[in-house]
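To start, the structure itself, in structure tokens.
Numbers restart at 1 for each chain; the letters A, B, ... are given by sequence-line order, proteins then strands. What's counted below: heavy atoms across the whole structure, side chains too, no hydrogens, waters or symmetry copies.
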Number of protein chains: 2
Amino acid sequence: MFIKKKTIVDVARLSGFSISTVSRVLNGNYPVKHSTKVIIQEAIDLLNFSPNILARGLIGAKTFTIGIIVPSLENLFFSELIRGIDDVLLDNNYTAFICSTNEDDLLEKKHITNLVDRKVDGIISISPNTMSTGSYYENISRSMPVIIINGEHECEDCHFVSSDQEAGAAQVLEYLIAEGHQKIAFLRGHDIYAYNIKEKIYRRILQEKGIEVDESLIARISAGNSLSTVDESKEKMLKLLKERKNITALFACNDLMAVGALNAAVQLNMKVPEDFRIIGFDNTIICSLTQPTLSSVDQSMKLLGVTSAKKIMSLINETTYLGESILETALIIRKT
Amino acid sequence: MFIKKKTIVDVARLSGFSISTVSRVLNGNYPVKHSTKVIIQEAIDLLNFSPNILARGLIGAKTFTIGIIVPSLENLFFSELIRGIDDVLLDNNYTAFICSTNEDDLLEKKHITNLVDRKVDGIISISPNTMSTGSYYENISRSMPVIIINGEHECEDCHFVSSDQEAGAAQVLEYLIAEGHQKIAFLRGHDIYAYNIKEKIYRRILQEKGIEVDESLIARISAGNSLSTVDESKEKMLKLLKERKNITALFACNDLMAVGALNAAVQLNMKVPEDFRIIGFDNTIICSLTQPTLSSVDQSMKLLGVTSAKKIMSLINETTYLGESILETALIIRKT
DNA sequence: ATAATTATAGAAAACCTTTTCTATAAAAGG
DNA sequence: CCTTTTATAGAAAAGGTTTTCTATAATTAT
């Protein structure tokens, strides 16, 4: 029913040269006489031929494919990150399988095995559920390059790229405490590194500053990166703010949660930031869309993406990459 | 350096049966004696074998891969759409190459040829630049199923899934005019179908209602789906609102543009919606995050995604799909 | 009991490349 | 002018599957 794509055999036949020679022209890795190169190139153009990447991958060479595993595409954090990765991949003729786990362990595992079956040349996983999928990454990191962004350093052969979440979180807490806040709530998602590390810093800084950690000020929602995160955060914060009227500030683990909290505050007719200061994390574009605009910690997602992509390219091509693997964060104070 | 993945040969050797029989167990499309099936399955499990999808694809069968071409991932419209597609793909053991064109013709063409070389089983393209890439789609639609979402019906062998953008746009204009607005601005992006059709309706409805179309009220920004869209729209609207102080309403082609316009109005201390009514398009989650919340036209992106994915699955598997290809839209009036 | 059928499983071709090995022709060296 | 080297290009193997064709064993029919 459908038209067949031209193969290297067609080019060979038309040009009058052998398959091998055509292949050499295609890859340019062996010497070919200029005149034959021209003839073959003409045939290639005429037939509009381009090599079958599956066959190329099959012979054991590279598939020019990597896998990107993200928790969700519904948080612009990941969109910007992917944009950074994509830019580098394009330059290297790579294409990505973008796999969204919807923050589901089982799905993440399924994606990993799928990517292996598809012989990707490497995997970049962003904020993975390492608690549960750790052994999977451990395993595949022995057979291909694996880069973990903003994840836990538990996998021996994995490579890591992270923004300095500890520093970012510390800045938030220090800023709030310096402003005189004592009752600072903390809003986080489920059990992954990105939230755990922030909670750890939250506890540490409070303690350092002599503020007792009040467990009832720590709120947790089920997932952190879906469209429903905003609403779930709002509900959670509505409840919390009604119960504990002396809360004056919130550190939210990402911007979606922060927006939810802001919506809750508005509904309760609280003045933001006078009655209630809110600081989010990631500094996604959403921060400048809300009214008042949202304070947040900038992670430079695009750079995070570019860095990890460059790193995985050099791992695949076995060249050395000399670049930072821990990127700076910066507290951006806006109107909340 | 890296560990080699087990192949069907390993399974055959371990189980004592031939490669063919293992393949038959794997695919379940030919009869195999129960007892041997059990033995082979044991070997498969023991070796943790799963078939190499490249090899599978190479023999001409399916690659279980489709390509998704989107203008951007930085508009949540596309995120939600992909989510819908993904859900269906997962059920069918398909994986997608998600290709973002950044609204660039050349890149879109590059993606298309790349997808063909990778032997995808089909392509879903969302809001493509058909003006310029049309012939590409025309071409590949003869060799594989192609679905165009919210695009122009210019490709003979392509299949189309769209939300009823005409009806949605008409509703907006009729609503605004019924409210008494006469000076209605229109904000659009570059030359693609999604914006062209809305402009067409804008002109038609105004005319029908006896309002003369004022060309200077039609504003155009360079691209419509990137992070910079908000700011570019804001600048454009600032200029327009300053020049033409009698504008009382705006129909923006998507939510990002509408947010930009809202920001402009706020900066000019205009009361929204009293002085200036804004209606966007797509009804992305952003609409409920702004203050005041944004009115918009709902497109049900997820359904759009699910529908096109189901359609392409039935095209690939040559089964018939009986479903709507034009989905309803609905005007959602919020606070702008 | 023998012939004809059916159930089951193996052998080999095909899919499209890359790459190693081999062969030829041209150039260089003596 | 003959031998050795070099430049160039072809032949063939390999990569891991699916599938068609073939072969054997088991069953059924006569």
Side-chain angles (χ1 to χ4, degrees), chain A residues 2-41 43-44 47-65 93 116-121 143, chain B residues 2-41 43-44 47-65 93 114 116-121 143-144:
Chain A
F2 287 134
I3 295 166
K4 251 190 98 228
K5 218 176 106 56
K6 298 295 173 190
T7 75
I8 199 171
V9 180
D10 298 313
V11 179
R13 199 175 297 140
L14 179 64
S15 66
F17 288 92
S18 74
I19 295 177
S20 334
T21 309
V22 176
S23 174
R24 284 189 269 257
V25 171
L26 245 31
N27 295 285
N29 45 0
Y30 289 91
V32 174
K33 201 160 82 183
H34 181 71
S35 62
T36 74
K37 203 182 285 184
V38 171
I39 296 173
I40 290 179
Q41 189 58 54
I44 290 174
L47 296 176
N48 196 20
F49 166 79
S50 49
N52 180 323
I53 300 179
L54 297 188
R56 221 177 216 181
L58 186 58
I59 65 118
K62 290 179 284 191
T63 58
F64 291 93
T65 312
N93 288 315
V116 172
D117 293 341
R118 288 175 181 277
K119 292 255 176 188
V120 294
D121 295 339
S143 56
Chain B
F2 289 133
I3 296 166
K4 249 191 102 230
K5 220 176 103 60
K6 298 294 174 189
T7 74
I8 199 171
V9 180
D10 298 313
V11 178
R13 199 174 296 140
L14 178 64
S15 67
F17 287 92
S18 74
I19 295 177
S20 336
T21 309
V22 176
S23 174
R24 284 189 269 257
V25 171
L26 244 30
N27 296 285
N29 44 0
Y30 289 90
V32 174
K33 202 160 83 181
H34 181 71
S35 62
T36 75
K37 203 181 287 183
V38 171
I39 296 173
I40 290 178
Q41 190 56 53
I44 291 174
L47 296 176
N48 197 19
F49 165 79
S50 50
N52 180 322
I53 300 178
L54 298 188
R56 220 179 217 179
L58 186 59
I59 63 116
K62 290 179 285 191
T63 58
F64 291 93
T65 311
N93 287 315
N114 179 242
V116 172
D117 294 341
R118 288 174 182 277
K119 291 258 176 186
V120 293
D121 295 339
S143 57
M144 68 173 79

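Between the OH atom of A:Tyr30 and the OG1 atom of A:Thr21 there is a distance of 12.5 Å, given to the nearest 0.5 Å. For the atom pair NZ (A:Lys33) and CZ (A:Phe17), the distance works out to 7.5 Å, reported to the nearest 0.5 Å. How far CG of B:Asp10 is from CD1 of B:Ile19: 10.0 Å, rounded to the nearest 0.5 Å. Remark: B:Met144 CE to B:Lys119 NZ distance equals 8.5 Å, nearest 0.5 Å. Atom CG of A:Asn93 sits about 11.0 Å away from atom OG1 of A:Thr65, to the nearest 0.5 Å.
Nearest approach of B:Thr63 to A:Arg118, heavy atoms of both residues: O-NH1, 3.3 Å.
Within a 6.0 Å radius of NZ in A:Lys62, other residues, nucleotides and ligands contribute more than 12 heavy atoms.
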> Could you go step by step and tell me if B:Arg56 and A:Leu54 meet the side chain to side chain contact (heavy atoms under 4.5 Å, CB included) rule?
Replying inline: CA-CA 9 Å; B:Arg56 220 179 217 179; A:Leu54 297 188; over 6 Å; no
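Side-chain proximity of A:Pro31 to the nucleotides D:dT8, C:dT8, D:dA9 is greatest for D:dT8.
Straight-line distance from the CZ atom of A:Phe17 to the P atom of C:dT24: 18 Å, rounded to whole Å. Atom CD1 in B:Ile53 sits roughly 17 Å away from atom C1' in C:dC15 (whole-Å rounding). In this structure, A:Lys33 atom NZ and C:dT24 atom P are separated by 17 Å, rounded to whole Å.
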> Along nucleotides 15-26 of chain D, 5' to 3', which nucleotides get a B, which get an S, and which get a -, given that the test is a protein heavy-atom distance under 4.0 Å?
Replying inline: BBBBBB------
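When the C1' atoms of four end pairs are superposed on the next four at each end of the helix from C:dA1-D:dT30 to C:dG30-D:dC1, using five pairs per end, the two resulting axes differ in direction by 50°, to 10°.
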